Amino acid sequence: KGPNSWSLSLEGCQVEVQLKQADLLLALKESPKLPYNLIVGCSILDLVDQKELAAVLAKHQPQTLMYFPIHYVGSTEFQPERQDMQPLTSHYNDSLVARGQVTRIDRLMPMFGELLAEGSSDWSLAAHEDRDLYRQLVSFMATNGLGYWPRSDVSRAVSISSGAGLDCPRLHVANMDFLLRSPAETAKPAAVESLKRKVVEFTSPGVARIIEEAVPRNAAERVTVESMLSAVSAGTERRVLKSGLGETLDTTISTLSRESGHWPIRYGYCLVGQVMHSSKRFTQGSRVFCFHPHASIAQVLESELHEIPDDISDEDGLFFANMETACALVQDAGPVIGDRTAVYGAGVVGMLTAAVLQKFQHNVTVFEPDAARLAALHLQFPEIARGDEMEPGDFDVAFEVSGAGAALSHAIQAVRRGGKVVVGSLYKEAPLELCLGLRFHRSEMSIVASQVSHVPAALSTRWNKERRAALVWQLLRQLRPATWVPMERLPVEEAPDVYRRLGAGEFPAQVIFDYRITKPSEI
């Protein structure tokens, strides 16, 4: 019929095929009188505005089949794995994100419509199969690796790949093919009042329960989020579980400031979910982090939602609040090059604080009585020292995040003259016994109460919450805490037992409630 269109018979059906060379979004808007039956886009989704594409498909191409083959899903590696080739692969995804690409297209599929089928389209290449293409790919990876590794390490990896073809490791890239159907023309969302949700409540000191309730009528400015995961903040939640709120812990978060302080209390502030209905800022299916108590459905002010970048997993996204706290602690401390730093407590915040300090090449020592926590941290960051005996005045900066008054006293003794102790712990509403004798009197040290809810005045001319949030996502992308922080994933129905253990003084690994599983047998 023409150079870019043709007809063919396929299993008795006459099929009209049109090949278009044009801007994808404009082409879909300028569709024929009837929507296309099938749209094929090969390796295309990381090159377009995904949200705009989803909106165009829903408006102009309802109920259309879409086939998206050969899309990258986040894994590029050499097989067999070799340590000396790590400079080419360990930060490959980070480099793609820096170029504006999406590394986990599979996480975007819900926004385009109903996923009908998916399948692997992985490919691999050995040097002897196509030497020129292999060298070209290695060259691209080496260029990206220079932003993260010393030039000598990258050069060594390239030299290995330039050796005899049969000795070079095979390059393997994970890809997926997706078959979807775009949604029907936009319909009015179902009333949230018809939905039910599960909520965790503290009913009395040391006691938690699960209740099921109808989702309240949603205010216009709030967004309804279907929860996927929520994380238990062991230190703070144990304090609330045993003693109640007393006063509002954070007036900057609406879902927490609404709690009256009387039993029952709903508490928690690390929740990841998907937007159930599109809003001004978010499309349906958008993955978001929010500061909200543990519940299977959350209603959150749109301004308090943080969209999770496409290349960050749900589990890593859960660490947003704790990573923001770690950033605030380090910013409040302001260590300079060469400073020796000590971190007291290797809970989640302590681990992240140590990791951030180590990333920026500070000398870090961690004091923690739990050997398993120290082992997990040291396995990921072998350069971090374990705190044992030390002489007074060993450190320039100390971070107290254990919640123990004895640790604060220890930190004060550990800091040099003119040093700084940054306190991130929330202690009991009771006096602490500290040693503030002659040495402290002459020390000229500073003790700083760090608070993540606000940017410190000294930084406020250059930093705001938005800039710090961008830094948090960058650090989560680079440090990937979900891959090394010990975690225990449970259905939310087990919350009463989790809080019983917590109230009894047990501090399990980072507990995550997964709202997508309902029975222990499915864990």
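Predicted model only: the values in this text are computed from it and were never measured. The figures here come from the full heavy-atom set of this structure, side chains too, leaving out hydrogens, waters and symmetry mates. When a residue number appears, it is its place in the shown sequence, counting from 1.
- Note that CZ of R477 and CD of Q474 are 7.0 Å apart. Values are rounded to the nearest 0.5 Å.
- Between F289 and F320, the distance separating the two ring centers is shorter than 6.0 angstrom.
- Judged purely by atom type and a 3.5 angstrom limit, S90 uses its side chain to pair as donor or acceptor with the backbone of Q86.
- Among pairs with a residue in residues 361-371, those fulfilling salt bridge (charged side-chain N to carboxylate O under 4.0 Å, His left out) read E368-R373, D370-R373, at least two apart in sequence or across chains.
- In terms of modelled atom types and a separation under 3.5 Å, the side chain of H71 and the main chain of L45 share a donor-acceptor contact.
- Within the 3.5 Å criterion, the main-chain N or O of D394 finds a donor-acceptor partner in the side chain of R416.
- A donor-acceptor contact shorter than 3.5 Å is absent between the side chain of W123 and the backbone of L171.
- Within the 6.0 Å centre-distance limit, the rings of Y344 and H410 are counted as a close aromatic pair.
- Taking the six-membered ring where the residue is Trp, the centroids of Y267 and F202 are separated by 6.0 Å or more.
- Counted by atom type alone, E400 and S425 present one or more donor-acceptor pairs between their side chains at under 3.5 Å.
- Checking S230 against Y269 by side-chain atom types alone, no donor-acceptor pair falls below 3.5 Å.
- In summary, of the residues considered (V472, L471, L475), a side chain to side chain contact (heavy atoms under 4.5 Å, CB included) with E324 occurs for V472 alone.
- The closest donor-acceptor contact from the side chain of S279 to the backbone of F282 lies under 3.5 Å.
- One distance of note links CD of E307 with CZ of R281; it measures 8.0 Å at 0.5 Å rounding.
- Side chain to side chain, S120 and D122 meet the donor-acceptor criterion of an N or O pair below 3.5 Å.
- Between atom CG of residue D332 and atom CZ of residue F399 there is a gap of 9.0 Å, rounded to the nearest 0.5 Å.
- In this structure, W473 CH2 and M323 CE are separated by 10.5 Å, a value rounded to the nearest 0.5 Å.
- Not one N or O on the side chain of K196 forms a donor-acceptor pair closer than 3.5 Å with the backbone of E213.
- For the atom pair CD1 of I512 and CE of M228, the computed distance is 12.0 Å after rounding to the nearest 0.5 Å.
- Using modelled atom types, no side-chain atom of R340 and backbone atom of F395 make a donor-acceptor pair closer than 3.5 Å.
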